[in-house]
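Note sheet for the following structure.
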Protein chains: 2
Amino acid sequence: MGVTLKDVARRAGVSIKTVSNVVHGYEHVTVEMRQRVNKALEELNYQPNLPARYLRQGHVSIVALAIPFLTNPYFSDIGKAVVSAANARAYTVLIDSTDGERAKEMMVINGMYPHLIDGVILSPLALEAEDLLSRRVDVPIVLLGERLFNVPYDHVVIDNVAAARLATSHLISLGRTRIAAIGAQEISAGDTARLRLQGYREALTEAGLAYNPDLVTRSLSYDRIDGIQSMHQLLASGTPPDAVFCFNDLLALGALRALYEAGYRVPEDVAVVGIDDIKESAFSMPSLTTIAPNKQEIGDLAVAFLLDRIAKTYTGQPRQTQASFELIVRESTAGRAASPQQTSPIVPRPE
Amino acid sequence: MGVTLKDVARRAGVSIKTVSNVVHGYEHVTVEMRQRVNKALEELNYQPNLPARYLRQGHVSIVALAIPFLTNPYFSDIGKAVVSAANARAYTVLIDSTDGERAKEMMVINGMYPHLIDGVILSPLALEAEDLLSRRVDVPIVLLGERLFNVPYDHVVIDNVAAARLATSHLISLGRTRIAAIGAQEISAGDTARLRLQGYREALTEAGLAYNPDLVTRSLSYDRIDGIQSMHQLLASGTPPDAVFCFNDLLALGALRALYEAGYRVPEDVAVVGIDDIKESAFSMPSLTTIAPNKQEIGDLAVAFLLDRIAKTYTGQPRQTQASFELIVRESTAGRAASPQQTSPIVPRPE
DNA sequence: TTGAAAGCGCTAACAA
DNA sequence: TTGTTAGCGCTTTCAA
């Protein structure tokens, strides 16, 4: 196997403990000892055996991040944010994708890597509240996203109602009146859709516009293809909308694609807004106006909550925090006047 | 801490070994014993302590995958492929991003997670051959991509020269003669650019077209923004190209964006081809013709090579394999006649 | 300031 | 078929 403390100790002619002390930067070691040990360490290229250390210490300084899809740019952005937040606190992140399957999410919450991680940050898609309530392992969990609020775990979200209201209001401010919504879902599927639909309706009401169910399409998943289908459906209906609020960027990019296929001009004929601010949205044709959640803030908050729980620095009631977001106006609503990749953030008005 | 084998043994009134036998599905255990143990296992919700097992066994059934950028869709696709290949062989994957920084790549090859992983699949960007040659740890490594061929490690690639030749030939077959190339690099930066440029030139020569350096642009990185800049540069030059071969999809998507900004029609005025087949390319406007490397095959091969090395099933000379690839023709070269996404049923468009 | 020894939870060799 | 025990490499008392 590898080089052990024992090997180093023998080489340096000292005890194991002394080597361990040097490795850990323990203060009270004579300079001469320290030099001798460091020399042996270097010569033998000692690498600590982490499993052994973990076995002894009982914790591992690793957290898992479980997201539905690694290849969804929103989630890979979140992944990046979590990794950087965790690294800043000397934690390693093990990234896992659940494919939105309940079975995999169950494995995540019920100790997929027993004793190999100190905690989990989970963005659930299929899990039900009872799954979380009946779990038998006690590894700390922090939840991300708009599902499972009635469950005793720390949770990081954005204010979806406010975000949707801001997006819709922006379309209204352009003078649009037939504003469609893409991405509604049956109640059972989750809360994201419900909250965003609520924000959409609130903005309409506030502006004195009637809510028209014919302008709202449903889709099970939130991928580009769903946006394409929904948009085609809206265009095929009697009177096409003059604006669309899509419940995420991938849907919006699909909608742009469908409008392109059908020969509509964006934003002249139809203005489009999304939510997520994935990188691609700054480069689509036209570039996409969107709500940008502060992803780094989401990562920072989630890691902070989780490490609190792990260290038992905080043992109180479950906390729920909302990360900030902003509207980024691009060509899909402002036309070519908007500089494509530049951001012109509009901060939501305080509640 | 958690529930241990000892706890279970006490509960079931048997020895630790018997419990261990049951946990591992050892054959020679009486039914009655097995039942008693399973009951205790269930009641106590036993979770094996992996670090302890690893310490004992000396290996961990985990491999690391180190890619430059998690948020680059090509690499997240590769990540997905590697994870599925590894899972199929009962291995867990720890995904890491190096940001293309030499320091981080050095950490990866020099035992970032000592004893916590059995091997590494690395897609190097900044590392030099000597870095790999002088490393002192002996964790198996498999290399991905077009760098560092003169180094004694297993390596999975695609035939870049052939791929570039195919892409360029496709443009030639459309009758284009002023074919530009976006993504060339100084020699030092790596081999991808050199090989793809070589394939481009071979295709030109084969067709009796002259190589024109003015039609070749350089870019340090391969992001959308680089494609935008290069394309603008080409358009600003005296006579604009009638086709462009971009050295990856992100460059090509940037080029599409620049053509859109400048008011050119694709493919009528300028045809565009990329390499990578990231998901977004099927949905861009127009959708992007591209070379699709078989990413699952890349993942399968890399994992197979690595597990061979870990198990010492293979200890011979370093192996180098080329994964297959294919040309996917979409709108950016075939026009609206091409079906935009191979997979999707598109609702017919009015006019 | 340094050393000796116990023990983390597990598996494997050996005994019964 | 089941039990006992040693030891993986480390950290942590406790002594010296």
Whole angstrom is fine here: how far is it from [atom1] in [X] over to [atom2] in [N]?
X	N	atom1	atom2	result
R56(A)	dG9(D)	CZ	P	16 Å
R10(A)	dG9(D)	CZ	P	11 Å
R36(A)	dT1(C)	CZ	P	16 Å
Q57(B)	dG9(D)	CD	P	14 Å

So which nucleotide from dC10(C), dA13(C), dC8(C) ends up closest to the side chain of N49(B)?
->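 Shortest atom-to-atom distance from the side chain points to dC10(C).
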
At under 4.0 Å between heavy atoms, what does P48(B) touch on the DNA or RNA strands: base, sugar-phosphate, or nothing?
->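 Sugar-phosphate only.
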
Distance from [X] atom [atom1] to [Y] atom [atom2], nearest 0.5 Å?
X	Y	atom1	atom2	value
L50(A)	I117(B)	CG	CD1	10.5 Å
I158(B)	I298(B)	CD1	CD1	6.5 Å
I109(A)	S134(A)	CD1	OG	7.0 Å

For S20(A) and dT11(D), is the shortest distance between a side-chain N/O and OP1 or OP2 below 4.0 Å?
->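 For dT11(D), OP1 or OP2 has a side-chain N or O of S20(A) closer than 4.0 Å.
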
If only side-chain N and O atoms of H24(A) are considered, is one of them under 4.0 Å from the OP1 or OP2 phosphate oxygen of dT11(D)?
->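 For dT11(D), OP1 or OP2 has a side-chain N or O of H24(A) closer than 4.0 Å.
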
What does the inter-axis angle of the helix from dT1(C)-dA16(D) to dA16(C)-dT1(D) come out as, five pairs per end, nearest 10 degrees?
->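 Overall, the helix from dT1(C)-dA16(D) to dA16(C)-dT1(D) bends by 40° from one end axis to the other.
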
